[in-house]
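Quick notes on the structure that follows.
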Amino acid sequence: MKEKDVIIIGGGPAGLAAAAALYKKGIHDVLILEREKNPGGILRQCIHDGFGLTRFHETLSGPEYAQRFLDEIEKYHIPYLTDTMVLGLKAGTRKIVTAASRSGLEEWSAKAVILAMGCRERTRGALGIPGERPAGVFTAGTAQAYMNLYNRMPGKEIIILGSGDIGMIMARRLTLEGAHVQAVFEVLPYASGLPRNVEQCLNDYGIPLYLSHTVTEIHGDARLKGVTVSEVDSTRTPIPGTEKFYACDTLILSVGLIPENELTSEAGGILDLHTNGAVVDENFQTSLPGVFAAGNVLHVHDLVDFVSLEAEKLADSAARYILGEPLRDCPLKISAGSSIGHVVPQRISGKTDFLLSLRVSSPHRNGRILVQQGNHIVAAHEFRRAVPAEMLQIKIPAANINCTEDLEVSVE
């Protein structure tokens, strides 16, 4: 069995950023395991720009953003294995990572493990859309890979279900390549992606967005021939009599992302029912000592810059753990209260300043977010507009926290 100080599972933006940051902190015995043929994660197929404004203060394409970190990995000679699928993780004093690679089944023993597996797309099977099973139904990320990595058009007459960011970006991309995007349908009464993408990807190209609508049947045999779309009520139940048929050869699904946490769960890590990611403390340590998580495997981010910055903060805690410095106990819980979708971290010590990440559960205007211990307001953040698509971050000073009472976050 090979030994390492740190094993990083996932070679996307979180894993690469964590590895580079660890090296700068003196932790050099690091190995990155990546299941794809090349490192870089989803960024390799995101050829549009808009990345890097927060982290690098300039606008980059996805491959350019990933290359910034890959250049550091090469500069520091940090090893990585691609085509390597991690099959198991055992947590203990030393962590055991089992993976299948081109060399066969391999095992590593590590002082610490960083989970950076990212997330996956929700599929038609997860939605349970009735109808036939023809070719021509893709998730947005799969359609993006066909176009940007393999130079293949998925179709010509397009219907998009879900107004997630990748779906809206694909609506623009398909239009620019000559396809006819008839409409984007969203089951929620508001867009689930960033407002800027509604403007830049749909409105600027005359692509209609229908809210409170969903696909209720898929038609076709060998190839998709069309879909039935219905309006939905406030409980997202299709309304009888509102059905409308749209002839199309391609249906693209942009209906949400799910953190890849099977390894975390099998290792005994506690998952948050709101994020579907691990429960972590202010050190980004999971409920398994020495196992850390950051990026989309922890909670889905809207900006990759936040993924990298989060991973770099994690690296500081992981480095202290590896060097034998005890991390603070985190006995205080933080819970999502009224109109809050989720919060990260979920546990804190109350003795260190930290950055609280959160999302509201529905759109709000002209309000404020309160972080409270009972009737005591620890922090307040005023906003003009808050939408579920945009992650909010609030700096919480330790000086305002008492170490005896749990915290709750809510919208006032």
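These numbers come from a predicted model, not from an experiment. When a residue number appears, it is its place in the shown sequence, counting from 1.
Scanning for side chain to side chain donor-acceptor pair (under 3.5 Å) contacts around Glu34 gives an empty result, with sequence neighbours left out. Taking Phe51 as the reference, His48 meet the ring pair (Phe, Tyr, Trp, His ring centres under 6.0 Å) condition, with sequence neighbours excluded. A search for ring pair (Phe, Tyr, Trp, His ring centres under 6.0 Å) contacts involving Phe383 returns nothing, not counting sequence neighbours. Here Glu405 pairs with nothing under the salt bridge (charged side-chain N to carboxylate O under 4.0 Å, His left out) rule; sequence neighbours left out. Residues forming a side chain to side chain donor-acceptor pair (under 3.5 Å) with Ser61 (at least two apart in sequence, or on another chain): Glu64. Scanning for salt bridge (charged side-chain N to carboxylate O under 4.0 Å, His left out) contacts around Asp272 gives an empty result, with sequence neighbours left out. By the side chain to side chain donor-acceptor pair (under 3.5 Å) test, Ser287 is found to be paired with no residue, residues two or more places apart in sequence or in another chain being considered. Residues forming a ring pair (Phe, Tyr, Trp, His ring centres under 6.0 Å) with Tyr210 (at least two apart in sequence, or on another chain): Phe185, His213.
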Check: residues 1-15 side-chain donor-acceptor pairs under 3.5 Å, at least two apart:
{"from": "Lys2", "atom 1": "NZ", "to": "Glu106", "atom 2": "OE1", "distance (Å)": "2.5"}
{"from": "Lys4", "atom 1": "NZ", "to": "Asp29", "atom 2": "OD1", "distance (Å)": "3.4"}
{"from": "Asp5", "atom 1": "OD1", "to": "Lys111", "atom 2": "NZ", "distance (Å)": "3.4"}

Just list the side-chain donor-acceptor pairs under 3.5 Å for residues 35-44, sequence neighbours left out, or say none.
{"from": "Arg35", "atom 1": "NH2", "to": "Glu260", "atom 2": "OE2", "distance (Å)": "3.3"}

Just distance, no hydrogens or angles: give the donor-acceptor pairs under 3.5 Å from side chains in residues 278-286, sequence neighbours left out.
{"from": "Asp281", "atom 1": "OD1", "to": "Asn283", "atom 2": "N", "distance (Å)": "2.8"}
{"from": "Asp281", "atom 1": "OD1", "to": "Phe284", "atom 2": "N", "distance (Å)": "3.3"}
{"from": "Asp281", "atom 1": "OD1", "to": "Gln285", "atom 2": "N", "distance (Å)": "3.1"}
{"from": "Glu282", "atom 1": "OE1", "to": "Ser349", "atom 2": "N", "distance (Å)": "2.9"}
{"from": "Glu282", "atom 1": "OE1", "to": "Ser349", "atom 2": "OG", "distance (Å)": "3.3"}
{"from": "Glu282", "atom 1": "OE2", "to": "Ser349", "atom 2": "OG", "distance (Å)": "2.7"}
{"from": "Gln285", "atom 1": "OE1", "to": "Gly290", "atom 2": "N", "distance (Å)": "2.8"}
{"from": "Thr286", "atom 1": "OG1", "to": "Leu288", "atom 2": "N", "distance (Å)": "3.1"}
{"from": "Thr286", "atom 1": "OG1", "to": "Leu288", "atom 2": "O", "distance (Å)": "3.4"}
{"from": "Thr286", "atom 1": "OG1", "to": "Val291", "atom 2": "O", "distance (Å)": "3.0"}

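Distance alone, capped at 3.5 Å, is enough to place a donor-acceptor pair between the Thr59 side chain and the Gly50 backbone. In this structure, Asn276 contributes its side chain and Ile258 its backbone to no donor-acceptor pair below 3.5 Å.
Arg359 has a carboxylate O that lies under 4.0 Å from a charged side-chain N of Asp302, or vice versa, which qualifies the two as a salt bridge. The pair Lys75-Asp71 fails the salt-bridge criterion, with no side-chain N (NZ, NE, NH1 or NH2) lying under 4.0 Å from an Asp/Glu carboxylate O.
Of the inter-residue distances, the one linking Arg152 atom CZ with Met147 atom CE reads 12.0 Å to the nearest 0.5 angstrom. Distance check: Ile158 CD1 to Gln182 CD gives 8.5 Å after rounding to the nearest 0.5 Å. Atom OG of Ser254 sits about 7.5 Å away from atom CG of Leu257, to the nearest 0.5 Å.
The ring-ring contact (aromatic ring centres under 6.0 Å, His included) analysis of residues 307-337, with sequence neighbours excluded, yields the pairs Phe292-Tyr321.
A perpendicular orientation is assigned to the rings of Tyr150 and Tyr146, their planes being inclined by more than 60° (bins at 30° and 60°). In this structure, His342 and His299 have perpendicular ring planes: the angle between them is above 60°, well past the 30° mark.
Geometric assessment of Arg55 against the ring of Tyr65 yields a negative cation-pi assignment under the 6.0 Å and 45° thresholds.
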